[in-house]
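Everything on this sheet refers to the single structure shown next.
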Amino acid sequence: MSVAVVVFPGTNCEHDVVWALDDLGVDAELVWHRETDLSSFDGVVLPGGFAHGDYLRTGAIARFSPVMAEVERMAAAGTPVIGICNGFQILTEAGLLPGVLLENRDLKFICRPIHVKVEATDTVLTRAAEPGQVLQIPLNSYEGNYRHADPDLVHVAARYCGPDGAVDEGWNPNGSIGSIAAVANGAGNVAAIMPHPERAMETILGSADGRVMIQSFVDSLEPARV
Amino acid sequence: MSDVDLAPEEVPVHQALGMTDEEFASVQDILGRDPEPAELAMYSVMWSEHCSYKSSRAHLGRFPSDAPWVVVGPGENAGVVDLGDGWYAALRIESHNHPSFVEPYQGAATGVGGILRDIFTMGARPVALWDQIRFGPLDDAMNRYLFNGVVSGIAGYGNAVGVPTIGGEVAFEECYAGNPLVNVMCLGIMKAEDLVYGTAGTPGTIAVLLGNATGRDGIGGASVLASASFDEGSSEKRPSVQVGDPFEEKKLIEACLELYRRSLVVGVQDLGAAGLSCAASEPAARAGVGMDLDLDAVHVREGDMTPAELLMSESQERMMAFVDEAKVDEVLAVASKWEIDAAVVGTVKAGSDLIVRHEGAVVATIPAASLTEDAPKLHRPYGEPAWQQDLWTNTLPLLQVPNLKDALLKLLDDPSLADPRWAYEQYDHMLFTNTVVEPGHDASMIRVKGTDKGLSVSTDGNGRHCYLDPRRGGARLVYESALNVAMTGARPMAVVDNLNFGNPEKTGVMWQFVETLEGISQACEALDVPVIGGNVSFYNETDGVDIFPTPVVGMLGMADPMPTDPPRLDQVSDGDHLLMFGPRGSRNLAGSAFEKVMHGHIGGRPDEPDPYLAKAIIELAAQLACSGKVPAMHDIAEGGVALTVAEMCIASEVGATINFSTWIGLFAENPNRFVAAVPAEHVESVLAMAEELDVPTSELGRFGGDVISLQNGSHESTEIPLAEATVTYRTAIPRRMS
């Protein structure tokens, strides 16, 4: 199996994603944003960074990169597609996921470990996790404030929470509505998360809690092909 | 007259460009005629203090810079050391003090951009940044504005360009109110075969200008802004500040790294201070060749730029690559792939002249090496200032025992000592998934993927100590930074320094400079650690008042293999023994945070560091960090033992009892000491390791409970609730900034 890790100009977490997938025994290949054929891949990752400098609006230009038409085609065909951080922003701009991401409530970049609580487990980011499982994962973003006109309609994969799993405004780092940290499409094959599970793969880096999310994606790869 | 419109007409052009009459006469001498406007522009920037190091060059040779592991020493774009097994590390530090005062966001941002280019110019991928920033006190709105702007600029550029900022230092002192210090350091890693030099190669080599278009931004940045003092009109210098574009830099990094990987370049030179003037002349001078430079080929952002403007512009995110003619098309294709602009702008020629053409005419013909090698080298007079001895005798009579609770809480509430996470949590410090020890510790450590190596870096400055005794202060910074990297299990291997000083035309400032250099050099010799690069920033003076002499030492250390579980501040457990390593019983509070915070006093003379003890204690710290027996260790620096232990307690959410015999010993900052939390079962073997190295030890108390208890024998004790200490420490900076 192999995974396409899409690199836009300004993407910067692509090597971290490759490292994490490699750790789980999956071949991952960097794919430039001008590529228009991803049919040889079993899954797609849109990694974090600042695609096209985040100019105009995060994800607003990336959504028009040539590769995105192919990502949309594969997503529609049921291929697992995940977005992390900037990848989340691009997927919402592309209309593959609902909602938008605005500047953090406090108008500051946030880089620190936070906790999320897994909600739906029928997504390519959470299928290996238990419902209610609490994961410590680093958050690293300026535009992480998730917004949706009717959050009850959103297929929520995870919410920000305290170390004990409490979901309330006190543990909401960036002002996201309903403390939403990760969402999926209705089918669950397209999912995205604002914090970085690929940065929480090893205890020497502070947490290995992100493994279950990357593993979820890996576990999803084969079924999508059959 | 001139085509550079920088000054009122009555001032001679060379003076408006920051040149003295003597320097102008030297130019006339070199050329045998009056310089053309474009030529004068080039000399003015290349001979500026910022580019030529004219006040400091005569002294910089004092630094020990040789060691078997040094691959590239001072003089190139960055220093390079051999990590073994085919890996090199590149290290460089730079200041962006004046631009950050004039425009804090862009000043700090372009400081980050500039230091990154110095690193990837050498062939290395930039993997980590550190920022050393100093401002006036936060009770002043201007200082809050500068602090906020600088942190935002570092975050805005560093995060977006995709290089983690994993450490640094934040300090506040009155002397920086009119002249903040913004120093930034970058570490790069490369395979040995990817090393590139800033050489123009042989005649026939083609010069390709990569990256951003050239505009009028930053003209005179090196000469007019960075090499002069400030006064009330400083905000008028804002047009001299460059504007950064991290997205362009990110693409430039990836394009250059691909060029190196495919061996498509002979040499490269970044365009920073002095822009094209520097990027054309320095590589040519190094290679002993001449060059033909065609300004009409330069891709520009705005029309009608004069030759002088094109040559002086400090537009950011530009790089000059020197390429074999046969490989030019491949280089242009790589640039096109990464969506950056590229232009063939010159050809390397035999001889030594740099010939510049514009609109078909030759606008400059000068010996390339004269811009660098013939730059003025001043032997400025220096002497101990008259007030220095008075400072040493100006000690504070401290007869009364202070309220110890009050003292500790005041120290924890001081923004220079308090929790700096308000700043570093705005920086992405985790990118690349290498950060093993994150900001907030004595040193940060990253792993080198594909090896067992860990690289540890500490950056340290202490203006008060250096003001009171520049030689001792300079030496102590080296020992402190070396001990800090040892806290992660690393052995110190190389130093870069950023020497921030006042006006070198004052004999006292030059004396401070020479003394500091001597102190740093002696300590580096004692530890056998070479100085592989540095930066000098003079004229940190506003309205005639100089900053404290503020050298910043950046120490690189390596642990090979890296400890699998290095000590961390947050790993103290209830019941751990509190051990101190190094001498106890100091009665010297000179330059301490205690005297500053509690009494507003800066006087006396800090202790002289003992080089033999320093060496032993650094070795001991590295051994303990790798032993797996010590979960938490912390260097004793500002605030003394009391603050050091309090920081461990706060991080680990566990109290402590500290026994002391003299209260001064709680707050003294004498060098070469650290404390550790040691589980009972390891105390004996840890003490034996210290004895083996002749390091004095003392058991200060125990960790545990929910108070920090300061005990003088059995009869007196002061208790500070841990919760109160924690809130004070955590909120000191955010409270002032909100």
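To find a chain, count down the sequence lines: A is the first, B the second, and so on, and within it residues start at 1. Everything quoted here is computed from the prediction, not taken from an experiment.
Judged purely by atom type and a 3.5 angstrom limit, A:D22 has no side-chain atom pairing as donor or acceptor with the backbone of A:V26. A donor-acceptor pair is defined here as one N or O able to donate and one able to accept, closer than 3.5 Å; no such pair exists between the side chain of A:E72 and the backbone of A:A69.
Each of B:L129, B:I166, B:V151 was checked for a side chain to side chain contact (heavy atoms under 4.5 Å, CB included) with B:Y427, and the lone residue meeting it is B:V151. Each of A:V5, A:V3, A:V31, A:D27 was compared with A:F41 under the side chain to side chain contact (heavy atoms under 4.5 Å, CB included) criterion, and only A:V31 meets it.
For A:A192 against A:L97, the heavy-atom pair with the smallest separation is CB-CD1, 3.4 Å.
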Quiz: residues 204-211 of chain A side-chain donor-acceptor pairs under 3.5 angstrom, not counting sequence neighbours:
unit_1: A:S207; atom_1: OG; unit_2: A:Q136; atom_2: O; d: 2.8
unit_1: A:S207; atom_1: OG; unit_2: A:D209; atom_2: N; d: 3.0
unit_1: A:D209; atom_1: OD2; unit_2: A:Q136; atom_2: N; d: 2.7
unit_1: A:R211; atom_1: NH1; unit_2: A:D23; atom_2: OD2; d: 2.8
unit_1: A:R211; atom_1: NH1; unit_2: A:M201; atom_2: O; d: 2.9

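Taking B:T564, B:D245, B:T435 one by one and counting their heavy-atom pairs under 4.5 Å with chain A, the maximum is reached by B:D245. Your options are A:E198, A:R112, A:H196, and the one with the most heavy-atom pairs under 4.5 Å with chain B is A:R112.
For A:T203, no part lies near chain B; criterion is any non-hydrogen pair under 4.5 Å. Contact of B:R568 with chain A is not made at all, since no heavy-atom distance falls under 4.5 Å. Both the backbone and the side chain of B:E425 come within contact range of chain A, with heavy atoms under 4.5 Å apart. Only the side chain of A:E202 comes within contact range of chain B, with heavy atoms under 4.5 Å apart. Of the two parts of A:Y55, only the side chain, counted from C-beta on, holds a non-hydrogen atom closer than 4.5 Å to a non-hydrogen atom of chain B. There is no contact between B:D570 and chain A, counting heavy-atom distances below 4.5 Å. Looking at B:M562, only its side chain comes within 4.5 Å of chain A, counting heavy atoms on both sides.
Evaluation of the side chain to side chain contact (heavy atoms under 4.5 Å, CB included) rule for B:P561 yields B:D452 as partners, not counting sequence neighbours.
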